[in-house]
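Note sheet for the following structure.
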Number of protein chains: 2
Amino acid sequence: MLTNSRLVHQPHDHGRCISAALTRANDLCSEQKVRMTTTRESVLRLLWQSHQPLGAYQLQGQLSELLNKPIAPPTVYRAIDFLLQLGLIHRIPSLNAYIGCPFPNSEHSNLFMICSQCGSAAEVAHNTINSMLQSASDKANFTLQSQCLELFGLCPQCSEHREDTDNEQ
Amino acid sequence: MLTNSRLVHQPHDHGRCISAALTRANDLCSEQKVRMTTTRESVLRLLWQSHQPLGAYQLQGQLSELLNKPIAPPTVYRAIDFLLQLGLIHRIPSLNAYIGCPFPNSEHSNLFMICSQCGSAAEVAHNTINSMLQSASDKANFTLQSQCLELFGLCPQCSEHREDTDNEQ
DNA sequence: TTATTAATGTTATATTATAACGTATCATTT
DNA sequence: AAATGATACGTTATAATATAACATTAATAA
């Protein structure tokens with residue numbers, strides 16, 4: 001199981017997450033001969049700022065602040081679409097929110113563990129689950145093209161706190 | 001694998017789907033001592049009219065026509081919320097749409113196979129996948145509470161047509 | 001009946017997303 | 001360097017989805 005869940009839900013040098021993501025993004029852009037502009041890079045950076053998915057209008061606010069000028073929704077959505085296309089970010093439909101992808105270019109599951117307490121979302125690539133989904137699709141004569149898997153619950157930290165308060169009662 | 005995918009993607013006596021669903025719904029309501037009103041029943045019926053998920057505003061239009069009076073969004077959303085609570089319908093987040101649940105009251109996976117061609121959505125309950133997701137959560141110290149799994153692709157019929165046209169080329 | 005709760009009606013508005021068209025910037029060719 | 005074409009961004013307006021707040025009506029219980 002390839003996962004960044006431990007990383008997400010544990011204290012870590014997050015500067016590294018960000019710079020690694022940006023490096024990957026730039027590499028991918030030169031590879032595909034597309035442009036990583038200031039707007040796009042800023043949006044990607046903002047989405048990597050934390051492990052909480054951000055909505056388009058949160059992004060708008062932060063982007064506007066960062067670039068010190070008014071930003072309209074289309075600008076944000078264009079950057080989002082660009083990054084989605086390249087697989088550098090994901091949309092989490094049930095949250096109407098976006099998050100940086102920790103393993104772009106690798107085929108993976110779009111499986112998220114979303115904490116309903118703190119809002120953090122960890123992406124997990126799980127080969128066994130993927131192949132089960134593939135074979136379930138095959139059995140149903142369903143031609144699988146893409147997927148979006150969302151698990152809701154409590155992240156490790158919030159689970160612990162919950163237990164603590166449970167015990168206190 | 002408990003599934004209604006064969007049912008959804010094959011011609012069948014759909015009147016039965018509807019009446020079975022309504023009977024289950026009424027039973028559940030008496031059990032839980034809540035009211036199945038005209039609005040709620042109509043919405044449920046509309047959602048069972050086809051195996052295509054419907055958006056809230058599609059429902060609004062159809063409901064308004066059915067009841068022969070103007071219906072405002074809150075009315076629709078209230079009925080939707082009620083039915084969601086009881087587990088009689090599901091929301092499919094990536095479509096902003098709602099669909100009748102073929103096996104309410106049973107614990108199940110919220111796994112949908114959604115045809116990107118014809119829009120039909122089949123719910124599939126797959127115990128093995130469920131338990132894999134559970135154990136993946138356990139390993140990550142993630143307290144799983146609920147889930148939403150969406151598979152996109154081509155349903156059996158649309159897959160066949162696709163092959164046909166592929167061969168013609 | 002009256003009191004109480006539950007459901008619906010009504011108006012307004014929040015939130016998320018896109019359409020359409022103009023302007024600026026970048027990259028390539030001449 | 002100038003001209004060209006393509007790409008990205010600016011701007012305005014609006015579509016689509018969802019909810020807040022409060023008034024009214026209907027159902028149930030006391």
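Order of the sequence lines sets the chain letters (A, B, ...), proteins ahead of strands, with each chain counted from 1. As the structure is a computational prediction, the values presented were derived from the model and not from experiment.
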Quick one: does any side-chain atom of [X] pair with a main-chain N or O of [Y] as donor and acceptor, under 3.5 Å?
| X | Y | result |
| --- | --- | --- |
| A:Gln32 | A:Cys29 | no |
| B:His14 | B:Cys17 | no |
| A:Gln58 | A:Gly55 | yes |
| B:Asn110 | B:Gln147 | yes |
| B:Ser116 | B:Gly153 | yes |

Just wondering, do B:Leu84 and B:Arg91 contact through their side chains at under 4.5 Å, heavy atoms?
->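 Yes - at least one pair of side-chain heavy atoms lies under 4.5 Å apart.
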What pairs meet the side chain to side chain donor-acceptor pair (under 3.5 Å) rule with one or both residues in residues 35-47 of chain B, with sequence neighbours excluded?
-> B:Glu41-B:Arg45
Nucleic acid contacts of residues 57-78 of chain A, taken as heavy-atom distances under 4.0 Å to DNA chain C |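 Within residues 57-78 of chain A, the residues near DNA chain C are A:Tyr57, A:Pro73, A:Pro74, A:Tyr77, A:Arg78.
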Which of these passes side-chain contact (heavy atoms from CB on, under 4.5 Å) with A:Ile99: A:Ile92, A:Leu47, A:Ile114, A:Ile89?
-> A:Ile92
Contact nearer the 5' end of DNA chain D, comparing B:Arg35 with B:Asn96 |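 Counting from the 5' end, the first nearest nucleotide belongs to B:Asn96.
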Does anyone know the first and last nucleotide of DNA chain C in reach of chain A, 5' to 3', at under 4.0 angstrom to a heavy atom?
->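 Contact span on the strand: C:dT16 to C:dC26.
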Under 3.5 Å donor-acceptor pairs involving side-chain atoms of residues 60-78 of chain A, not counting sequence neighbours:
residue: A:Gln60; atom: NE2; partner: A:Ile71; partner atom: O; Å: 2.7
residue: A:Ser64; atom: OG; partner: A:Lys69; partner atom: O; Å: 3.2

Taking ILVMFWY side chains as joined if any heavy atoms are under 4.5 angstrom apart, and letting links pass through other members, which residues group with B:Leu154?
-> none
Span of DNA chain D, from the first to the last nucleotide whose atoms fall under 4.0 Å of chain A heavy atoms = D:dT7 to D:dT12
